[in-house]
Amino acid sequence: MMKLEGDGFQVTYEDGLLDISGKLSLMLEDYADLEEFFEKVIGSEPSELTVDIRDLEYLNSSGIKTICVGLLLEADEIEDMQMKILCSNRYTWQKETIPTFEDLVDHLEIRFE
Amino acid sequence: MSEKEREIQRLRHRIEGLEKTLKIVTGHSGRIEKNLKQLFEAVSDTLPVPLLITAKTGEFLFCNENARQTFGYSHDGFKKINAAVLYENVGDRKALLKAIGDQSEVRGFSVRMKKADGRVFPAVLFSRQIIFEGQKSLLSVIYDLSELKKEEDKRLMLERQLRQTRKMEAIGAMAGGIAHDFNNILSIIYGNLEMMMMTLPEESDAGRRVDSALMAAKQGREVVMQLLAFCRREDGRQQPLSVERIAADTLKMIRSMTPSSIEIRFHAGPGSSMIMGDPVQIQQVLLNLCTNAYYVLRDRGGKIEVLIEPVFLDSPEAMLLSELRPGAYVRLTVKDNGPGMDRETVDRIFEPFFTTKPEGEGTGMGLAVVHGILQRHCGAVMVESEIGTGTAFHCYFPRVDERPFWKRSGSECRKGL
């Protein structure tokens, strides 16, 4: 299992399941470690990738950019990879922003619970 | 498709993705920005104190609802003025900016601030440098100390009044003890002198000396009587009486003895001035107060006003007046436009033997007697004085209703009216 911990957040990856939780409000330049983490995830070329952000309470704009560019766009380039995002209705920002990811990646499954 | 074309297609797809990402990120940050702005406005408008953000030049960038209410400027009104206008002393803003320049934050900066209508109030500022809408700015939170100061003044006044009451009680107890013992001694001296006088020829040298000693003993007895009056050891005749009627009669006598350079005005307000009291003592109160007023006006002339009015004292007001019970009172005021008294004199004015008159002109018992009489009538006397303006003595006597109880309403009876 891969794991990254920072001030108020935690990211883990195992067998196609990427779990991001806590609050992510770093400056853009401080997302380098997370970008590197995503690079390793994509490098493992999973056939399916589930991103679980149900416990991600807050994500700032730099974090959105990091996920979009460093994870989603990179994953989109891997042929036949199935991608799913698990979201929570508890957080307004998820309800407002995550559905806009559908424009970015074809065949992206977004599930709210 | 060639390798190159595939690479071009891949890069084109990537650019499209980045463009979409930019749109997503912009939308997300726009929403966060909007939420933060709404949060800031909600928090600042909920604050029960003024919050201002100004540029270093003094231009207003933000003011909360409380700032608009406190200072009396509208949102646009703030835009038209410079921050320096809010300070009574324009130099205070410069001093604040200098202090912030040195420390980047200032807490508890005492200052007097000015409202749109020109009213000034004491305040303390908590200020710090911030970046607001992209420029270096000054955020200030202002605490209006007016109410706090009023409360503090009231507390100090109550404390002073309480100390005064305790002091007068202690002096009364001491003076009462002395007067009682002294009265017994004087009675023996007086009785023996009278008996000696009966045995001596009137025109003899010894007779004249005994007569002189008798006169001195008489004066001593008067002083003792006044002391007893002050410390409530002497009971008077209590009966229903009209303060207005007694004042009217007494003032006739006072007017006849007062020069025309001193005007005496008498006004009795509508309503009953009935109290339970000793008419001789009420007359003495008025005489003593008018004599004092006359004394301060005798060389310069002036005005003595005697006012009688029914008043109702609620609890806090009554407490300020020597712990009076809330209820209905008759207020007898004797007011002069003389030179007034300083705080130190006011604090000691009712002490027995305290006088501002030159030696031989006053015993210092006049106001002590007034104080004692008021205490005996379950009332109180208080003094208001200001240098250069004059002095007013307010005497409060518990009011009684001249109507029989069956003619009063229930609420009147409960209020003691």
Side-chain angles (χ1 to χ4, degrees), chain A residues 8 20 23-31 34-35 38-39 42 49 51 53 56-81 83 85 87-108 110, chain B residues 1-47 51 53 55 61-62 64-65 100 104-105 128-139 141:
Chain A
I20 311 173
K23 289 180 185 177
L24 263 167
S25 53
L26 304 172
M27 297 297 288
L28 185 60
E29 56 273 23
D30 297 327
Y31 276 104
L34 190 61
E35 278 175 7
F38 289 161
E39 215 171 285
I42 299 299
L49 179 64
V51 183
I53 57 167
L56 184 57
E57 296 170 41
Y58 180 73
L59 184 66
N60 67 357
S61 303
S62 301
I64 296 280
K65 179 256 163 194
T66 304
I67 287 180
C68 288
V69 177
L71 185 71
L72 301 183
L73 286 182
E74 291 295 333
D76 194 37
E77 289 193 7
I78 300 173
E79 271 183 44
D80 301 327
M81 183 196 271
M83 206 163 25
I85 303 183
C87 309
S88 169
N89 281 316
R90 281 181 295 159
Y91 305 116
T92 308
W93 75 267
Q94 290 193 12
K95 287 196 281 183
E96 287 174 345
T97 299
I98 302 302
T100 63
F101 288 2
E102 279 176 336
D103 288 345
L104 195 62
V105 181
D106 295 333
H107 315 298
L108 176 67
I110 297 173
Chain B
M1 190 184 289
S2 68
E3 187 69 21
K4 194 177 174 185
E5 282 171 339
R6 269 202 298 276
E7 184 60 17
I8 289 171
Q9 198 178 17
R10 197 185 68 79
L11 287 173
R12 192 170 285 149
H13 185 67
R14 185 75 176 180
I15 288 167
E16 275 174 18
L18 289 173
E19 278 174 353
K20 285 174 184 170
T21 300
L22 183 65
K23 202 175 159 190
I24 291 168
V25 169
T26 310
H28 183 74
S29 62
R31 283 188 291 275
I32 289 180
E33 202 174 298
K34 190 180 160 194
N35 288 344
L36 283 175
K37 198 173 174 201
Q38 283 172 345
L39 175 70
F40 171 70
E41 283 175 358
V43 168
S44 58
D45 280 343
T46 309
L47 280 180
L51 180 144
I53 299 177
L61 304 175
F62 179 82
N64 71 346
E65 176 62 29
I100 288 170
S104 81
E105 183 185 19
R128 65 187 310 162
Q129 282 184 352
I130 56 161
I131 303 287
F132 184 76
E133 292 175 349
Q135 61 174 311
K136 267 191 180 178
S137 318
L138 184 67
L139 178 142
V141 172

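Sequence lines set the chain letters: A, B, ... in the order given, protein chains first and strands last, and positions in each chain run from 1.
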Problem - B:Lys20, NZ: over 12 other non-hydrogen atoms inside 6.0 angstrom - result: yes
Exercise for the section: Return yes if some donor-acceptor pair links the side-chain N/O of B:His28 with the main-chain N/O of A:Leu59 below 3.5 Å, else return no. Expected result: yes
Handout entry: Over 12 non-hydrogen atoms of neighbours within 6.0 angstrom of CZ in B:Arg128
Key = no
Problem - Distance (rounded to the nearest 0.5 Å) between A:Cys68 SG and B:Lys23 NZ - result: 13.0 Å
Practice task
Check the surroundings of atom CD in B:Glu33: do more than 12 heavy atoms from other residues, nucleotides or ligands lie under 6.0 Å from it?
Solution key: no
Practice task
Can you establish whether the number of heavy atoms outside B:Glu41 located under 6.0 Å from its atom CD is more than 12?
Solution key: yes
Practice task
Go through the atoms of B:Ile32 and report whether side chain, backbone, both or neither lie under 4.5 Å from a heavy atom of chain A.
Solution key: side chain
Exercise for the section: Might you confirm whether atom CD of B:Glu3 has over 12 heavy atoms from other residues, nucleotides or ligands at distances under 6.0 Å? Expected result: no
Handout entry: Approximate separation, where rounding is to 0.5 Å, of B:Thr26 OG1 and A:Lys65 NZ
Key = 13.0 Å
Problem - CD on B:Glu16 to CG on A:Leu104, rounded to 0.5 Å - result: 10.5 Å
Practice task
Nearest 0.5 Å please: distance from the NE2 atom of B:His13 over to the CG atom of A:Leu73.
Solution key: 7.0 Å
Handout entry: Residues, nucleotides or ligands: over 12 heavy atoms within 6.0 Å of B:Arg12 CZ
Key = no
Exercise for the section: Could you walk me through whether A:Leu72 and B:Thr21 pass side chain to side chain contact (heavy atoms under 4.5 Å, CB included), step by step? Expected result: CA-CA 10 Å; A:Leu72 301 183; B:Thr21 300; over 6 Å; no
Handout entry: A:Thr92 and B:Arg31, any side-chain heavy atoms less than 4.5 Å apart
Key = no
